[in-house]
Novice: 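Structure in structure tokens, see below.
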Amino acid sequence: MIRERLGKELLFFDGGMGTLLQEKGLAPGELPETWNMTHPEVISEIHRAYIEAGSDIILTNTFGANALKYHDSGYSLEEIIKSAVSHVRNVVQAAGAARPVYTALDVGPTGKLLKPMGDLDFEDAYNAYREVMICGERAGADLIHIETMSDTYELKAAVLAAKENTSLPVFATVIYDERQKLLTGADIPSVIALLEGLRVDALGINCGMGPEQMMPVLEQYMRYASLPVIVKPNAGLPVQRDGHTCYDVLPEDFAAYMERIISAGACVAGGCCGTTPDHIRAMTEKCRGMKILPVTEKDDTVVSSYGSAVFLGNGSKIIGERINPTGKKRFKQALKEHDLEYIMREGITQQDCGAHILDVNTGLPDIDETTMMRDAVGALQSVVNLPLQIDTVDPEAMEAALRIYNGKAMVNSVSGKQESMDKVFPLIRRYGGVVIGLTLDEDGIPSDAEGRVAIAKKIIREAAKYGIRKKDIVIDALAMTISSEPDGAMVTLETLKKLRDEVGVRTVLGVSNISFGLPSRPVINAAFYTMAMMNGLSAGIINPCSADMMRAWYAYHALAGLDENCAGYIAKYSGEAPAAPAAAAGAAKMLSLKECIEKGLKDDAADRTREAVEEQDPLEIINGMLIPALNHVGEGFEKGTLFLPQLLMSAEAAKAAFAVLKDQMEKSGEVREKAGTVLLATVKGDIHDIGKNIVKVLLENYSFNVIDLGKDVPPEEIVKKVVEEDIRLVGLSALMTTTVVSMEETIRQLREKAPGCRVMVGGAVLNQDYADMIGADFYGKDAMQSVRFAQKLFGN
Amino acid sequence: MKRRTDEAVRYLGYGKNAADERTRRMVDEAFLKLEQAADPKSICRIFDIGQNSEDGIQIGNLTIISHSLARNLRGCDKAVLFCATLGAEADQLIRRTSITDMSRAVILQACAAAYLEEYCDDRQRTIGEEMAREGRFLRPRFSPGYGDFDIHYQEPIMRMLDCAKQIGLTMTDGYMMTPSKSVTAVIGAGPDRTGCVPGGCESCGKTDCPYRR
């Protein structure tokens, strides 16, 4: 079994396949895997040459064999994989090498980008890989090698598919560019965190660069990885010559580089594009018998997003607490309305304020938490590159979120109760993650530090049964309000200290609980936060938009010598000296609300509105100032004296003003009558929604109630909503000729099921003729026109 | 620098009008942000043109039927297939900004388009210099979706260049490129310089286009 040898002795992969096939006549764009059927002798010959060259692991010719690439090749996927595996196995048998030679099912990218960047759903990617993995194991592969991956999300789908559907060892290698990042932006520690969380057997680097360029990448792998590392370089960087791609590193030079790579810590060595049996022979002859460096367990506590990793332990990390409905009316409303944009904005704001990780809690009694949690995580990871903390007590919601999460998540939480541990630990084992352990159990919360430390130890012991290491557990020492427990703060601080010094585990706190029931809570919170950091708090769950908390954070790090040259502190606060108001700001102060909106000054518009509501009724402000200002700008746009950016700046300023008024009206119970409901969607197959979003901003300003179904929306979904809500106006957007087809189909279905509904259309390729042809009621060449049409239709 | 700013302003619908100072400042800021986020990459490969007739243009194993492309490639014996992208993070920046500030998002969108064009021009200049050494001159690049060059040709072109693996450029089922700020094109190369035709807007038949230069 290869698992027993892995990481204990040096193993050799084979070299390039695709580049060799091209030399033998594979045309550009031709699917190489069809050669398993059409040129079996060529494939077998290449495998044989690699075995003779000394390879221990031979990859099947199945790099691109997945249902997303093979829908019309004339062969079934199963046929291709079966024959590919049997070519290797037959050659291995015939070669009769004295050493064991393993057959590795080669699995590459699907060639599609996953949502939200592309149109491939995570579960569809998973299912495509699932089929490949099952076929491969059934055909007799000894292991699965997932390689050349350049997107962590696709990588996760592939690894999960392999782990959940086969019992084979899983190797995974990725391709870095010269920035040492994946094409979709992930850095090295975040890739390692994801793969180790998913419990692959070995991980590493292939393709993209030559052996020389891989050295610095390998050094980082040795620093962060706790698993055996695979290195498979190209034969140098590609060079274009006479319209062909060439790789220039010669076999002897390749072997010399690989000797260095193995000395630096690689346990499994091989070649990728441009390497030949000669390269592999030179490598195995030079390196066979080399001792590998021992694989060492690293002690880092790491969570990751699709783009970067956050390490807990060096200083204290900030976990943003604001995505949580507890005590927040506006947030509860957003959850009830499935307002993902609101949640995304909360995430972005907290990142801008300085959060390192975002807590995500969507629990509300009367909503479907699983769906909401999954959608919120999906939405947040499309706009924020911070790691997320999945915060729920519902195991179903927790699993749904962990499954689609693009990275290694933080999980909030497990407790010392057996039932909780039985439910949560299997999920961490399966998807990876750093889990918060609450120091409470069946007997409640111990009143002293010893009791809480004992529960922490119990949690760590129980986790070990699942193979979850201490470094992946962060203990919550629990902050109890000092208004009811006078020594609560001291017990918590002592617990933190003991956890750090005696147990050696990372810690977390929901800091602001400490001041519950007291006046001027930020005063207590900030002081307690500083004390907690002093006692070893690895991460505080706080409001990063609270100036008090951030001052405490920056000051602590500067004082504790954790902020080199106080650079972070200086960057943050050096500009805070009470500066004289700039001339422009002074001038803006003189502007009226109407002028602020016309000039698109968001903050000033909000300020002026706040002043205005002191004296005037909100509805009067809307009708007397906001609407005339918007009309003025709209007319300017229509006349061609104002342009889109200005129109939108005014719209944003008006939006800020409306937000102030909305708060005011909610207090007074006043209602602004809606002008009508408009449903907006970008049609199926179309993933560009900026045009639709522009229309939405404008319609909302003109007091239309907008139901936004998003992008890539199937006709059926639109029709269903229209019928359910009895909607009179639908706005559809499509960017390309290829997607106008779905627009036409949507209109057809709407005519059939909702004949009373009007349809307005817009988008880059449309014009009046085209709109007439597909049966739309109105073509809007810009966003203002859709507002005008809506106004006409609803008679206002 | 000036040119790309002018181009971005044109994409924003200003036509021949000058942009106001605030918009220009926001355009400059957007370019700075894009330079952080974008990671432009390209790939090209040179093919012989087998034939160029009514029945189609033969580029490698690919046959393309398009009068507009045929006209563009007249007198060429080589075709460079070319793909470029600003990368996934530029898209992410635009998506993120559209949540917080629509006017900035629209400006970023326009700047990204101008940035990509500038990058493609730059790459094309390098390719042109290499081809000039062999005594060939480039035609303006021509992309699927323009004239009667069907958008569906995007798929084989991307496959022939192995775009997904090489530069991370993929396509949706609806033939949209992902990342969205990307280009696929055919660039003709031939021995005579006189065959060169003006590129970009001026050569396009859509004279009523609001974005025309």
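Residue numbering restarts at 1 for every chain, and letters A, B, ... go by the order of the sequence lines.
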Novice: At their closest point, which heavy atom of A:Asp686 faces which heavy atom of A:His688, and how far apart are they?
Specialist: OD1-N, 3.2 Å
Novice: At a heavy-atom separation under 4.5 Å, does B:Met158 approach chain A through its side chain, its backbone, both, or neither?
Specialist: neither
Novice: Please identify which of these residues, B:Lys2, B:Arg10, B:Arg3, meets the side-chain hydrogen bond (donor to acceptor under 3.5 Å, both in side chains) condition with B:Asp6.
Specialist: B:Lys2
Novice: Before accepting this row, confirm whether a basic side-chain N of the pair A:Glu341/A:Arg345 lies closer than 4.0 Å to the acidic partner's carboxylate O.
Specialist: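 So A:Glu341 pairs with A:Arg345 through a salt bridge.
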Novice: State whether the side chain of A:Glu652 and the backbone N or O of A:Leu648 hold a donor-acceptor pair below 3.5 Å, judged by distance alone.
Specialist: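 No, A:Glu652 side chain to A:Leu648 backbone: no donor-acceptor pair under 3.5 Å.
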Novice: Sort out for me which of A:Cys207, A:Ser150, A:Pro116, A:Pro109 touches chain B most, counting heavy-atom pairs under 4.5 Å.
Specialist: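 Highest number of heavy-atom pairs under 4.5 Å: A:Pro116.
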Novice: Got a sec, which residues hit salt bridge (Lys or Arg N to Asp or Glu O under 4.0 Å) with A:Asp708, two or more places apart in sequence or on another chain?
Specialist: A:Lys692, A:Lys696
Novice: NE2 of B:His152: more than 12 outside heavy atoms within 6.0 angstrom?
Specialist: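 Yes, the 6.0 Å shell around NE2 holds more than 12 heavy atoms from other groups.
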Novice: So which residue, A:Met736, A:Met149, A:Met344, ends up with the most heavy-atom pairs under 4.5 Å with chain B?
Specialist: A:Met736
Novice: Could you pull out the closest heavy-atom pair between A:Gly208 and A:Asn234, with the gap in Å?
Specialist: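 Answer, listing the atom of A:Gly208 first, then A:Asn234: N-ND2, 3.2 Å.
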Novice: Taking side chain as everything from C-beta outward and backbone as N, CA, C, O, which of these in A:Lys655 sits under 4.5 Å from a heavy atom of chain B? Side chain, backbone, both or neither.
Specialist: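 Neither; nothing under 4.5 Å.
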Novice: Using heavy-atom distances under 4.5 Å, tell me whether A:Lys181 contacts chain B through its side chain, its backbone, both, or neither.
Specialist: side chain
Novice: Between the main-chain N or O of B:Val9 and the side-chain N or O of B:Glu7, is there a donor-acceptor pair closer than 3.5 Å?
Specialist: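 Checked: no pair found.
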Novice: Sort by residue number and list every member of residues 181-189 of chain B having a non-hydrogen atom under 4.5 Å from chain A.
Specialist: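 Near chain A, by residue number: none.
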Novice: Counting heavy atoms not belonging to B:Gln51, are there more than 12 under 6.0 Å from its CD?
Specialist: yes
Novice: Between A:Thr737 and chain B, with a heavy-atom cut-off of 4.5 Å, which part of the residue counts as in contact: side chain, backbone, both or neither?
Specialist: side chain
Novice: Under the salt bridge (charged side-chain N to carboxylate O under 4.0 Å, His left out) rule, what pairs show up with a residue in residues 161-176 of chain B, not counting sequence neighbours?
Specialist: A:Lys112-B:Asp173
Novice: Non-hydrogen atoms of chain A under 4.5 Å away: do they reach the side chain of B:Pro179, the backbone, both or neither?
Specialist: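 Both parts, heavy atoms under 4.5 Å.
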Novice: For residues B:Ser66 and B:Asp148, is any side-chain donor paired with an opposing acceptor at under 3.5 Å?
Specialist: yes
Novice: Is it the side chain or the backbone of B:Lys78 that comes within 4.5 Å of chain A heavy atoms, both, or neither?
Specialist: neither
Novice: Which atoms of B:Asp101 are under 4.5 Å from chain A, going by heavy atoms: the side chain, the backbone, both sets, or neither?
Specialist: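 Both backbone and side chain of B:Asp101 come within 4.5 Å of chain A.
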Novice: Surrounding CG of A:Asp603 (heavy atoms of other residues, nucleotides or ligands, distance under 6.0 Å), is the total greater than 12?
Specialist: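 It does not: A:Asp603 CG has 12 such atoms or fewer within range.
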Novice: At a heavy-atom distance under 4.5 Å, which candidate from A:Ile690, A:Val741, A:Thr184, A:Leu644 has the highest pair count against chain B?
Specialist: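 Winner by heavy-atom pair count: A:Ile690.
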Novice: Check the orientation of B:Tyr153 and B:Phe149. Use parallel for under 30°, tilted for 30 to 60°, and perpendicular for over 60°.
Specialist: tilted
Novice: Would a 4.5 Å heavy-atom cut-off, applied to side chains only, mark B:Leu81 and B:Cys44 as touching?
Specialist: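 Heavy-atom side-chain distance check fails, nothing below 4.5 Å.
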Novice: Report which part of B:Ile99 has an atom under 4.5 Å of a heavy atom belonging to chain A: side chain, backbone, both, or neither.
Specialist: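 Looking at B:Ile99, backbone and side chain both touch chain A.
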Novice: Given a strict heavy-atom distance threshold of 4.5 Å, which part of A:Val765 is in contact with chain B: side chain, backbone, both, or neither?
Specialist: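 Answer is neither: A:Val765 stays 4.5 Å or more from chain B.
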Novice: Report the option among B:Arg159, B:Glu130, B:Met102, B:Gln109 that has the most heavy-atom pairs separated by less than 4.5 Å from atoms of chain A.
Specialist: B:Met102
Novice: Heavy-atom pairs under 4.5 Å with chain A - which of B:Ala105, B:Ala164, B:Ser103 has more of them than the others?
Specialist: B:Ser103
Novice: Could you tell me whether the side chain of B:Glu134 and the main chain of B:Met131 form a donor-acceptor pair under 3.5 Å?
Specialist: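 Not confirmed, B:Glu134 side chain does not pair with B:Met131 backbone.
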Novice: Do B:Thr23 and B:Asp20 meet the criterion of a side-chain donor-acceptor pair at a distance under 3.5 Å?
Specialist: yes
Novice: Minimum heavy-atom separation for B:Thr172 to A:Gly685, with atom names?
Specialist: OG1-O, 4.2 Å
Novice: Answer with side chain, backbone, both or neither: which region of A:Phe63 has an atom nearer than 4.5 Å to a non-hydrogen atom of chain B?
Specialist: side chain
Novice: Would you tell me whether B:Ser42 and B:Arg123 have side-chain atoms, one donor and one acceptor, within less than 3.5 Å of each other?
Specialist: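 Yes - a donor-acceptor pair under 3.5 Å links their side chains.
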Novice: Side chain from CB out, backbone as N, CA, C, O: work out which of these in B:Cys163 comes under 4.5 Å of a heavy atom of chain A, or both, or neither.
Specialist: neither
Novice: Between A:Tyr306 and chain B, with a heavy-atom cut-off of 4.5 Å, which part of the residue counts as in contact: side chain, backbone, both or neither?
Specialist: side chain
Novice: Checking an interface table here. Which of residues 83-95 of chain B come within a heavy-atom distance under 4.5 Å of chain A?
Specialist: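 B:Ala88, B:Glu89, B:Gln92, B:Ile94, B:Arg95, listed by number.
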